[in-house]
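So you know, we letter chains A, B, ... as the sequences are listed, proteins then strands, and number each from 1. Being a predicted model, the structure only gives us computed values, none of them experimental.
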Amino acid sequence: MDRVRQHTTLNEGLLFERSSPGKSGCQLPPLDVPAVSPGEVLGSALVRSDIPGFPEVSEVEVVRHFTRLSSWNYAIDLGLYPLGSCTMKYNPRVNEAVARIDGIANAHPYQPTSLSQGLLEIQRTLESYLVEICGMDAVTVQPAAGAHGELTGLLLIRAYHEAAGDARRVVLIPDSAHGTNPATASIAGYDVLEIRSNASGMIDVDRLRAVADDSVAALMVTNPNTVGIFEGQIREVAEVLHRCGAQLYMDGANMNALAGIARPGEFGVDVMHLNLHKTFSTPHGGGGPGAGPVAVREHLEPFLPVPRIRESPEQLELDWDRPRSIGRVRAFNGNFGVLVRALAYILAHGGDGLRNATVDAVLNANYIRKGLEDHYDLPYEAPSMHECVFSDSRQARHGVKTGDIAKRLIDYGFHPYTVSFPLIVKGALMIEPTETESKRELDAFVDAMQAIADEVERDPDLVRSAPVTTRTSRVDETRAARKPVVRWQPRKGE
Amino acid sequence: MDRVRQHTTLNEGLLFERSSPGKSGCQLPPLDVPAVSPGEVLGSALVRSDIPGFPEVSEVEVVRHFTRLSSWNYAIDLGLYPLGSCTMKYNPRVNEAVARIDGIANAHPYQPTSLSQGLLEIQRTLESYLVEICGMDAVTVQPAAGAHGELTGLLLIRAYHEAAGDARRVVLIPDSAHGTNPATASIAGYDVLEIRSNASGMIDVDRLRAVADDSVAALMVTNPNTVGIFEGQIREVAEVLHRCGAQLYMDGANMNALAGIARPGEFGVDVMHLNLHKTFSTPHGGGGPGAGPVAVREHLEPFLPVPRIRESPEQLELDWDRPRSIGRVRAFNGNFGVLVRALAYILAHGGDGLRNATVDAVLNANYIRKGLEDHYDLPYEAPSMHECVFSDSRQARHGVKTGDIAKRLIDYGFHPYTVSFPLIVKGALMIEPTETESKRELDAFVDAMQAIADEVERDPDLVRSAPVTTRTSRVDETRAARKPVVRWQPRKGE
Amino acid sequence: MRYLPKSPVEREEMLAALGMESAEELFAAIPDELRRTAGLDIPRGMSEFEIRSYFEQRGSEAAGGYASFLGAGAYHHYRPVVIDTIATRGEFLTAYTPYQAEISQGVLTSIFEFQTMIAQLTGMEVANASMYDGSTAVPEAGMMAARITRRGRLLVAESLHPEYRQVLDTYFRHQGLTAETVAFDRETGRVDTEALASRLTGDVAGVIVQSPNFFGIVEQVEELASLAHGAGALLVSTFSEAASLGILEPAASADIVAGELQSFAHPPSYGGPYVGVLATKMRNIRQMPGRIVGETVDSRGRRAYCLTLATREQHIRRARATSNICTNQALVALMATVYMSLLGKDGLRELAEQNLAKAHFLAAELRESGAIPVFSGPFFNEFAVRPSGRVATEVNRAALEGGIIGGLELGRFFPELEGALLVCATETVKRDDMAAYAACFRGALDG
Amino acid sequence: MRYLPKSPVEREEMLAALGMESAEELFAAIPDELRRTAGLDIPRGMSEFEIRSYFEQRGSEAAGGYASFLGAGAYHHYRPVVIDTIATRGEFLTAYTPYQAEISQGVLTSIFEFQTMIAQLTGMEVANASMYDGSTAVPEAGMMAARITRRGRLLVAESLHPEYRQVLDTYFRHQGLTAETVAFDRETGRVDTEALASRLTGDVAGVIVQSPNFFGIVEQVEELASLAHGAGALLVSTFSEAASLGILEPAASADIVAGELQSFAHPPSYGGPYVGVLATKMRNIRQMPGRIVGETVDSRGRRAYCLTLATREQHIRRARATSNICTNQALVALMATVYMSLLGKDGLRELAEQNLAKAHFLAAELRESGAIPVFSGPFFNEFAVRPSGRVATEVNRAALEGGIIGGLELGRFFPELEGALLVCATETVKRDDMAAYAACFRGALDG
Ligand SMILES: Cc1ncc(COP(=O)(O)O)c(C=O)c1O
Ligand SMILES: Cc1ncc(COP(=O)(O)O)c(C=O)c1O
């Protein structure tokens, strides 16, 4: 095998390396008006003479290049993708089809309202369903992702307090929280006070009580939390906060454990965000686009970003005239195409269907937990919801870390779980299968994880050198950071 | 590596093996009329109770199953696919888009003519361009593939002779011809007389003269022929045939060497077929659909299959009233969706573009020939057109056959060339790159072929045991034929 | 040109490598007088966007947005998007026939699944990898019957799709095979069994019947099979509406099943590409035309698939092949395989039941609007009726004005049925449209 | 349900394996009073076909088939089909952020190419993997400038897209950053350099300018950069019309370039998803927000890519991260990468030249129809005009009746420009439609 050079598909270089002057993969229709001289109309100083290094390739080369690249990638469409906290569920293909319908895809954000009724209706319907699912009173779909939703949510809280002349300084965040929570609080201008989780991995209500005073603007809680555990004392938590005038923010990234079963609005949550690219099946696309709608209780509604949809007797309209609004968090109407996909998903399930999906998601997580609890250390005993979190403590004794086990999973044909998060579990293995996995796929995963546990004892080096079956073997991340090469440059003479 | 079980993607079983009762990947809208009892309206004897073994899987399982299967396949979109005689060129994606336009894809073949003007216009335009490219007088687009076109063509000849009261018995076919030629002649009710090629791989005109008499209905010639050589004496060939009242049929599978450069109508050809799935870029799709239009000179036009397009003053119409027609060779209007794609291809190139494509196709074939002629035996010296044919005679001395070299090419990341055809070359390597390959891809191919030639001398066993880098190693075809298992059956107990 | 991956400089370099000065030299083998200097009379190449707008224009001149009651061999059915998701993957779309098994297991495995599903659905033991369409699968089946029985006469039900019969005629004419028509019972619309029995002499190779037949009527195929077998002939059972397979008992005693799978695979697309099926008993497999995929193992002993029994085919057997077919309809067969996988056992049943219900509802509506059923036999999703108040052409003209494409005028193929319509209602037809079409039947009654 | 790959029996088996009798037990951890027994008030699940027809219906209530002269931050451009061919491949579409480099080289390599192309186009040294959109990339750039300079005042051109300015205000308000507006020259439409100079004191972190600006006018960014640099401030250059990059000299002396790449990637889609870009000089890379892909090698020494410099990001640095951004717009960035690859150097130039030509032709047509240009500065593909015969609202109302969506009424954002229109002509606009729109301007003159 050594004597074989690499497959062309495995050797595919960068497009820049296939360029040759004069090739192009696209032609435009001939100009139907007189050409103008750029130098004349713009002034020659403003006109560029070249784009050095820019690709020059034909259509077939583009198709092949990206098709080949794609074959180096794992994806939900290829198998289980159990990244904890990421809810990598099946992305239904009808969602892609409807987002590409002419009147939707080609709608301009400034087109006349009279021509936008169908679009506003889509948005209004989605908003009403999200409100129903969360048990909240209103929602904005403007934020572009979860973190963007967090920012929006905290700004709402800020505006609310300021409107009451009650400026506050501190946002409380459990140590189990996702990194976006503290980062967002900073950007919203708050100081972050981290609160330590209790021995069960949950919020320590006593500790919370101790710090909850009138400097506190909000607590950001994830429920179920990042260890996959439902915060059973959530109502008490809300009470503690409300008593001192603070707000309860819920990171809704884990709504896949709750939709149709329980509603944050009934937990005492004041504001929360959803990740449509998690719970509502819009594709991750290798890192986005997402959408991070923010749902609020009534008292925060006046502060929502503009514009809002308003129903006039004749038509749906956008309302900019909202004096207490925090303003805009993004131009136009949010990641509208993502909203379309999420609505398609909700329509496909219906109310009962969403509940059934949640049941299967939790069933799958517990089934995996059951299959692995004899092989991996379970740091928290509390029942799991949509994901289960193990630690690598048993394997670490053999010098094998969660990251190694993850890489070894690749050899078994699976995407790894989430590593190194949540921070409260040392060497975490955070596993979220979602509801769109079959028993067969779960069984194969459990088998693989058991086999790896076994390998760790028999041959830890094997696991540490994984993956061995992929085109690319273990990647040197340290080197990448030490001397960053973040763009292609022609080699001398090229 | 042995210790790793196979990737899930590599282990994907059959869908039947993933079935579980009650799963389904599709729902229909609820019935908006009363249900009826099948037993009552049809009689219970006519109603089936079950489809034993039929799949029961969800949508995500279907997507994954076929996505995984697809990853086991080579394709033009992944690289060079130099199958001689198959013209595996880039299949432009716009062709797929336009074939799916609502008014086209959902048009019913019996819809009113008034609603079909756009469709008839597509067909008429394609017909006129094909006529122009071939230099013939008329064309039918009804045949579904090349072989079907051959049948149509021979039936036209038959009808023509019969109309003149001149029934003929024999079709002459060079020994270099594709298997469909003799098979078609048989099905058209002719006796086949094979004529031996001369030492240059071409038709032996003297030998032809000797057998051309009034029992001969036609000669089927491929030009350029299957060795990639232009039959320079084609006009003499036509003359010999015409003199004895026979017709010249041209297999146009190799039109990729001629489009825009030379026109069969000017060679003396009376009837020919085209493979739209070769020359005109419609995708092969793993074996079809294709389309095999048949172009004829004027004297054969009255015999073309019904219906024909007729231009009335108000509109385009279909004309069934053609008493001398051979009838229908297929229901409806042929593989219409394939015709749409072919027209899109012609529109993209335009007249000059088609010529340029031909130039590049012939340039590519000769470039490969040049790169390999020192390493492989070239049985015929005549200049190559769109493909070049080598023989394995040098490698056979080391016990390595063309089929082995082909399998070894797979390890280098390329699809093999055509093996074991044409029959006049023992151990043929029939290589057709097409115009849509870059110099870089050709260079890589030539390098690979040279490296293999080298391997044959150093380590023939390595080549004989190829491929070694694929999911599936060399397949036992003999076993498959010996005791055919051509469908899945549940194992006992399943 | 965007499809040509060569820069002018590269072209020069390559010519230079060949020792040529101009591209003209590449064509030196073509005699001067055959080489054209004039360009083709085809307009300049278009951009992708012009091509799209050209075809969008043509499509908009067609019947987009109409409700349709046309069937008659091409059917409107819902098509899940996943079909195209899969079928447009380059790995399937741009592969050739899977001759190189080691890098074609994707296509091969899916064909093996196709063959299996077709066998399951038709009640046959084996199926091939596809034929061009139903209309060409039928003559291939007829020729196959002739080869198996070594007889040359075929009896063909008059209720076989008329265009299939035309194709059959074209195919048989020059092969010493005769295809004689067996009338349908004017009352039931089914094959006239007496007429059939009387013609079933010892020289009959096979009897070809369609069920549901062209009039949508379900035949008693088992009975016809016994008749045929009694005379030593084979029974060839055909269908053009695959949706019926979800509910109809397969003709297990047929010898060959040939049919059209368009309903499962492809939109009507003005007539193609569709996909023909051919299935039979194991004992006949060596007489079967077309490609067949078989199971085997690779050199490491793992399950694998490959094309098999190639000695039947033209590229090996040449003039003595079972058929000349080479390229078939693989991609459309893949679409059908995805469709069948998605619907599955329950979905296919539901599909068939919905078609049955819609058509019977429509039949009742039309009867109420004065239409008279032409036949009494049980029908699946289409049926022949004769308007009473208004002539058929008028009914359809009125419908067209209302955005509805009415049923097929049967006089086109059966002069004796002039004035009758073949009306089809699949699961895609809406109740409102049925009411609207029924109203067109009433028109003259009212007016 | 078709998305759930479990049969009822399998569900039972799995519950049994957990020792549970009913699915309710799975939720035992949720206190009873928080667990709902009532179902959600959302209608029954729909089939795929109902979903499609629901959205087709909504789409048909929208502006399909209209010619459009809207730009103003969202542009209509031709989109080659290959973009979606690639972006809908499951391997790209359904992958997560490429944290696991060994099985994410497809996404990683394409992002590396994206970063490179953005750097090439903007004249910067490095670019990140994408931001949400232009409107959020700008405040991120502003915050970055503040971090780099450790100053808190930003001067923002009034000719920056008004919605971008609104977003900037929302972001800055609570961070101790101030964003002050610098007026545009009422004559040229360009930044008023004197006003700018007078405000450029030593506490200014950066100057944010857009070119082409909101009015389509090309700024003299180099000059503005010198001014800014003279005061120790950074220049942040932004754009919302990426097509201009094909022809405009990049602002090489800008410190940060932030912009919107929608024109290269995605149809307007009623406002999103788009894709923001952020590029800068190498020296600023550690202050840059967002993901960055870097080149490295694998354990066998072969070139490979991975996410890098993660210590800037929220998942490592948490409260002290450069930004809270996590999920970005990777798939839209991939679309842009494919688009840029297809057009290439020549195609991008041609694109820009066609836009320039169309807009200038339209401007001349409108002038002939009595419209008065609002600004004298050079423009790319959009420009502000004031109809003379008829008020702007009337012009657009007449246009709408003729199937044309007119330009944006500028009064919406600039009261002083009430009555002016911002009119855009990309390469997709047809000459006939320009003539028809021009005729709407004449309306009142004629009548
Ligand atoms: C718990 C949690 N919160 C917030 C986020 C941030 O969401 P996004 O990536 O959409 O910004 C994530 C995403 O991974 C998450 O898992
Ligand atoms: C020379 C030649 N003739 C005829 C054919 C038959 O064409 P088809 O496969 O479309 O029936 C082929 C196809 O491979 C061929 O190469």
Exercise for review: Applying side-chain hydrogen bond (donor to acceptor under 3.5 Å, both in side chains), run through B:N91 and B:S281 and close with a yes or a no.
Suggested key: CA-CA 5 Å; B:N91 304 145; B:S281 86; 5.4 Å; no
Practice item. Output the option from B:K23, B:R64, B:E59, B:E61 having the highest count of non-hydrogen pairs under 4.5 Å with chain A. Key: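 The candidate making the most pairs under 4.5 Å is B:R64.
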Under a 4.0 Å N-O cut-off, is there an ion pair linking [X] with [Y]?
{"X": "A:K89", "Y": "A:E432", "result": "no"}
{"X": "B:R464", "Y": "B:D459", "result": "no"}
{"X": "B:K278", "Y": "B:E387", "result": "no"}

**Study point:** Top contributor to chain B contacts, counting heavy-atom pairs under 4.5 Å, from A:E437, A:Q27, A:K439
**Key:**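 So the answer, after comparing A:E437, A:Q27, A:K439, is A:E437.
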**Study point:** Contact winner vs chain B - A:L80, A:D77, A:I452, A:T67, heavy-atom pairs under 4.5 Å
**Key:**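 Most pairs with chain B among the choices: A:D77.
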Point to revise | Structural part of A:I76 lying under 4.5 Å from a heavy atom of chain B | key: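 Both backbone and side chain of A:I76 come within 4.5 Å of chain B.
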Practice item. Determine whether more than 12 heavy atoms belonging to other residues, nucleotides or ligands lie under 6.0 Å from atom CG of A:D352. Key: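 No - once you tally the heavy atoms of other residues, nucleotides and ligands closer than 6.0 Å, there are 12 at most.
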**Study point:** Side chain / backbone / both / neither for B:R440 at chain A, heavy atoms under 4.5 Å
**Key:**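 For B:R440, the side chain is the part near chain A, not the backbone.
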